[in-house]
Number of protein chains: 2
Amino acid sequence: MLMDPDFLPRRRLLTAIKNAEHATQQVKDAAVRAAGLTMAQYNVMILLTETPGITSAELARRCFVSPQSMNETVAKLEKAGLIERTPHPLHRHVRETVVTPAGRILLDEADDRVLELERLLRDHIPREQQEVLRDLLATIEALAHGRE
Amino acid sequence: MLMDPDFLPRRRLLTAIKNAEHATQQVKDAAVRAAGLTMAQYNVMILLTETPGITSAELARRCFVSPQSMNETVAKLEKAGLIERTPHPLHRHVRETVVTPAGRILLDEADDRVLELERLLRDHIPREQQEVLRDLLATIEALAHGRE
DNA sequence: ATGTGATATCAGGTTACCTGATAAAGAGCA
DNA sequence: TGCTCTTTATCAGGTAACCTGATATCACAT
């Protein structure tokens, strides 16, 4: 059963995306782990830095994981004192989540190393190409989400 | 502690890559799971289709995982009858791995659905842009691998 | 013949997911 | 008021995919 050679795995956009992501993920993982965090924890804290005070349920939605899964990550971060969860003034069983100063220190340590990679990429890719890449990846993300 | 707004998470190439990969991965995962395979199994079988007869150790190297980890995946595929491992004629404790006809059927079933996504992407991205994207992602992969 | 290196594989452990089941509280409505 | 619907949070149990460490085996070069 012959396959169109233009659709062989090594010619696929999906393969190129997976490979690039996997390679960058490995570097990020080492950076994050060096600060004593896991990737899941790092991702949550990054989100909390951008939009402080969101709930665990909201974090789950933004990360496209189940609330239960996010709850696990958040519970571990809380026990480690890296985030704080305070009851919402109106809706008391809802808990607003923020990064603590201690968490911020670890996050910065991890993110500094991640940013080294980001800068490396930008130093090797012309600015206009960076825009093209961002656009293409956003298009792809949207197309994929439309398939779920 | 203020951050250069151009390096905020939502402006990062690394974020764009992660998001696109995650979205496509979800679709692929559903496709693969519908055929009764896991992503790890699918990836191994795809590699075996491109280069039949390679060893578990070689598969591990190409997937950037430990030999032990790959051994697990391969053992499960073998037990399910989806791959076959025959002793190398010269080096008898080395086992050459190939996809069985039964495995091929499941793989094709999974890959048909994955190719639907690949085609969707290509239908929405001009051909020249596809080349640009492949090049950029290959560059990024190489840069990241250089950092390990 | 002997040590080096590669392959294979067992054992044990972690992380990040998942589904299912509950509890608790606010929101909308009869 | 009381009742149902939805959302949030969380416990319990389970799985896939990784990891490190320890062994056994065998080819090969010194």
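Lettering follows sequence order; numbering is per chain, from 1.
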Any salt bridge linking [X] with [Y]? Criterion: basic side-chain nitrogen under 4.0 Å from a carboxylate oxygen.
| X | Y | answer |
| --- | --- | --- |
| B:Glu78 | B:Arg95 | yes |
| A:Glu58 | A:Arg62 | yes |
| A:Glu84 | A:Lys79 | no |

To the nearest angstrom, how far is [X] atom [atom1] from [N] atom [atom2]?
| X | N | atom1 | atom2 | result |
| --- | --- | --- | --- | --- |
| A:Lys18 | D:dA17 | NZ | P | 13 Å |
| A:Arg61 | D:dT7 | CZ | C1' | 8 Å |
| A:Asn43 | C:dA16 | CG | C1' | 12 Å |
| B:Phe64 | D:dC19 | CZ | P | 12 Å |
| B:Gln25 | C:dC17 | CD | P | 11 Å |
| B:Met70 | D:dC18 | CE | P | 7 Å |
| B:Met39 | C:dA16 | CE | C1' | 16 Å |
| B:Gln68 | D:dA22 | CD | P | 12 Å |

Describe the nucleic acid contact of [X] in one word from base, sugar-phosphate, nothing, applying a heavy-atom distance below 4.0 Å.
| X | result |
| --- | --- |
| A:Arg33 | nothing |
| A:Thr38 | sugar-phosphate |
| A:Ser69 | base |

With a cut-off of less than 4.0 Å, is there a side-chain N or O of [X] near OP1 or OP2 of [N]?
| X | N | answer |
| --- | --- | --- |
| B:Arg85 | C:dT9 | yes |
| A:Lys76 | C:dT15 | yes |
| A:Asn71 | D:dT10 | yes |

(message) Distance criterion of 3.5 Å, no angle test: do you see the side chain of A:Glu72 paired donor-to-acceptor with the base of C:dC17?
(response)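 In this structure, the two groups form a donor-acceptor pair.
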(request) Mind checking the CD1-CD spacing from A:Ile140 to B:Glu21? Nearest 0.5 Å is all I need. (result)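 Here the interatomic distance stands at 11.5 Å.
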(request) Choose from D:dA9, C:dT7, D:dT10 the nucleotide whose nearest atom is closest to any side-chain atom of B:Ala57. (result)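 Closest nucleotide among those given: C:dT7.
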(request) With DNA chain D as reference, determine whether B:His91 or A:Glu96 sits nearer its 5' end, using the nearest nucleotide of each. (result) A:Glu96
(message) Which is more 5' along DNA chain C, the nucleotide nearest B:Val74 or the one nearest A:Leu90? Just name the residue.
(response) B:Val74
(message) Go nucleotide by nucleotide along DNA chain C from the 5' end; which of B:His93 and A:Ser66 gets its closest nucleotide reached first?
(response) B:His93
(message) Quick one, B:Arg134 with A:Arg11, criterion side-chain contact (heavy atoms from CB on, under 4.5 Å). Give me CA distance, side-chain angles, the key distance, then yes/no.
(response) CA-CA 9 Å; B:Arg134 260 188 280 266; A:Arg11 289 287 306 157; 3.4 Å; yes
